[in-house]
Amino acid sequence: MRKDEGKVKAALGSERSREGSGAPKQNWVPAFLAEFPEAATADPEALAQNAGDAWLAAHAPQAVFYPESAELVVRLARWASEAGVPITPRGAGRGYVGGCVPVRGGIVVNFSRMNRIREIDPRDGVAVVEPGVVTAHLQDEVAKLGWFYPPDPASAAESSLGGNVATNAGGPRCLKYGVTRHYVLGLEVVLADGTRIRVGGRTHKNKVGFDLVGLFVGSEGLLGLVTEATLRLIPRPPYRIAVAGVFPSIEAAAGAVEQIFAAGFLPSALEIADRFTLERAREFCPEPLPPGEAHLLVECDGQPAGVDAEIDSLLPILRRSGAGELLIGRGEEGCERLWRTRRSFSMALKASNLTKLNEDVVVPRRRLVDLVRLGSEIEKRYGFPVACFGHAGDGNIHVNLMIDRSRPGADGRAEEALDLLFRQIVAWGGSITGEHGIGIAKERWWPLAVSPEVRALHERLKSALDPNGLLNPGKFV
Ligand SMILES: Cc1cc2nc3c(=O)[nH]c(=O)nc-3n(C[C@H](O)[C@H](O)[C@H](O)COP(=O)(O)OP(=O)(O)OC[C@H]3O[C@@H](n4cnc5c(N)ncnc54)[C@H](O)[C@@H]3O)c2cc1C
């Protein structure tokens, strides 16, 4: 089953070729349901609900498993390993690359019922959570105690912490605070054969053995099932100020980013958007956007006096770089007003009736302008609009190809455009994904992105931990 046939033909084509191979031979579903009556279902609605994520491909499993404890996950993994049935972990299904799509069927392990925050301990600066906890729920609970869990994917209101760990999720605040990996102190993981391990711990430093926490973070559900995470918390910055402005050109906005760093500032967010994004956003913005070709949002946080002083120094830099009128939002409410404008960019693109292919590429920061120019070149060459916006401070820009799929040949042209985009990104020393992962969406470009030796190392790690290839099979490793 696919909810959208052939977005990027190559990616789905490789999915097609995988179907059938490796699938369990006998009808194992009745035995499975009988073994786990409390957690297993083959209800067609549940199968359909667990078939896809926020990307375009979907494939239904034969059964879904809703564990409420790590013990159940251990029993499931042992059962599946003996029966030779694939298992695919799923958090909230808000991934952008088809990572939780069970391309070889089998069982989806849906962690939504393991959604308890077990502990928030400000003295130690840790939270212990089950994988199904929704990211924003943890953020809100720790904020009530004056503490802070910084990783902030834009999907935070829906995505799960288990999914964030498995994708090493990022967001605007990564510039100052880092990505999910920097907040994972310890993990409990169930391996494909049912072995339950604990790696890391609850201390903020830990150098015992290899960095096995790092091995599992970002492993896209291919190496183990995360059943608990111990996360680092930091004191909540009490105050923040955001400044937003429109610039006459993308070069001017990118120049401002450079100047901000050159002057020794590290804002908590530095978000850029290009002309096409602004044009679309003008209809959707809660506040009027002045004319201009590029938008920049800068946010600083910390103690009030320090933040005030930083912003006072940043305003002249922005003006000198060509910013027109600058809007300043102070405190939670003032900042949120400017962030609503920033968030409207994405909504405006989604409302365009075009299919939005969101590619979260990363370039070395000095290539920001080159990247936006490449977007314009793609626009001219292939005849569809390209909107670029995102985390300028990290060089992590969402390049959105806006495709009218009703036009003949649109999918093929999109595929060629993606080839061009990713080849150039790699040639610049960039990365084809900064946050979303490879999954199935970017599998076609996996060989472009990493050397044969590094691919072989991935294969060796995978076979060491999952020798029968039953954990989330059919993905890039
Ligand atoms: C509107 C929108 C905005 C987004 N913005 C951002 C953003 O700013 N930054 C960002 O990084 N991402 C972003 N994303 C992508 C996505 O939300 C993240 O990748 C998120 O971490 C996915 O979490 P999830 O719970 O939905 O995981 P799922 O989609 O369910 O799964 C993602 C991957 O994790 C694996 N997995 C899930 N749970 C477990 C587990 N317990 N153990 C082992 N493996 C597991 C799955 O097998 C799959 O490979 C966005 C997505 C949307 C739709």
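Read the numbers this way: they start at 1 and go in the same order the structure lists the ligands and their atoms.
Residue contacts with ligand 1, taken as heavy atom pairs separated by less than 4.0 Å, involve Ala54 solely via side-chain atoms from C-beta onward. Residue-level proximity to ligand 1 for Pro131 is carried by the side chain, the only part with a heavy atom below 4.0 angstrom. Proximity of His436 to ligand 1, defined as any heavy-atom pair under 4.0 Å, is confined to the side chain (atoms from C-beta onward).
Between Asp466 and Leu471, the closest heavy-atom pair is OD2-N, 2.8 Å. Counting all heavy atoms, side chain and backbone alike, Ala51 lies closest to Pro102 at O-CD, 3.7 Å.
Of the N or O atoms in Ala92, one or more lie within a sub-3.5 Å distance of an N or O in ligand 1. Ligand 1 has no nitrogen or oxygen under 3.5 angstrom from a nitrogen or oxygen of Thr88. Inclusion of Gly91 in the set of residues having an N or O under 3.5 Å from an N or O of ligand 1 is warranted. At a 3.5 angstrom cut-off on N or O pairs, Pro172 does not count as close to ligand 1. Looking at ligand 1, you'll find an N or O of Ser160 within less than 3.5 Å of one of its N or O atoms. Among the atoms of Lys350, none of the N or O lies under 3.5 angstrom from an N or O of ligand 1.
For atom 34 (O) of ligand 1, the candidate residues are Ser219, Gly52, Ser155, Ala166; the nearest heavy-atom contact is made by Ala166. Closest heavy-atom approach to atom 47 (O) of ligand 1 among the candidates Pro89, Gly221, Ala229: Pro89.
Short contacts between ligand 1 and Gly99, defined as distances under 4.0 Å to a heavy atom of the residue, involve ligand atoms 47 (O), 48 (C), 49 (O). Remark: ligand 1 atoms within the under-4.0 Å shell around heavy atoms of Arg90 are 30 (O), 37 (C), 38 (N). For ligand 1, the atoms closer than 4.0 angstrom to any heavy atom of Ala169 are 11 (O), 21 (O).
When hydrogens are left out, the protein atom nearest atom 31 (O) of ligand 1 is Cys100 CB, 3.9 Å; that is the closest non-hydrogen contact. Closest to atom 27 (O) of ligand 1 among all protein heavy atoms lies Gly163 CA, 3.5 Å. What sits closest to atom 1 (C) of ligand 1 on the protein, heavy atoms only, is Tyr96 OH, 3.7 Å. Here the protein heavy atom with the shortest distance to atom 20 (C) of ligand 1 is Asn164 ND2, 3.5 Å. The protein heavy-atom contact nearest to atom 33 (C) of ligand 1 is Thr167 CG2, 3.8 Å. Counting only heavy atoms of the protein, atom 43 (C) of ligand 1 lies nearest to Gly224 O, 3.4 Å. The nearest heavy-atom contact from the protein to atom 8 (O) of ligand 1 is Ala154 N, 2.9 Å. The protein heavy-atom contact nearest to atom 28 (P) of ligand 1 is Gly93 N, 3.6 Å.
Between Glu299 and Trp339, the side chains place a donor N or O and an acceptor N or O closer than 3.5 Å (distance only, hydrogens not considered). Between the side chains of Ser112 and Asn110, a donor-acceptor pair is found at a separation under 3.5 Å. Side-chain atoms of Ser159 and Asn164 include a donor-acceptor pair closer than 3.5 Å. Asp193 and Ser81 are not linked by any side-chain donor-acceptor pair at a separation below 3.5 angstrom, with hydrogens and angles left out of the test.
Here the two rings, on Trp55 and Tyr96, have centers that are 6.0 Å apart or farther. Note: Phe36 and Phe32 meet the aromatic proximity criterion, with ring centroids under 6.0 Å apart. Between His295 and Phe389, a ring centre-to-centre spacing not shorter than 6.0 Å is recorded.
The closest approach between any non-hydrogen atom of Ser346 and ligand 1 is not below 4.0 Å. The shell of residues lying under 4.0 angstrom from ligand 1, judged by heavy atoms, includes Asn472.
A donor-acceptor pair under 3.5 Å is formed between the side chain of Gln62 and the backbone N or O of Gly106.
Using bins of under 30°, 30° to 60° and over 60° for the plane-to-plane angle, the ring pair His391/His398 lands in the perpendicular bin.
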Show your reasoning for whether salt bridge (Lys or Arg N to Asp or Glu O under 4.0 Å) applies to Asp211 and Arg181. CA-CA 11 Å; Asp211 179 9; Arg181 170 66 192 101; 2.8 Å; yes
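With respect to the salt-bridge test (charged N to carboxylate O, under 4.0 angstrom), the residues Glu332 and Arg240 qualify.
Stacking of Arg173 on the aromatic ring of Phe148 is not recorded, the 6.0 Å distance cut-off and the 45° axial limit not both being met.
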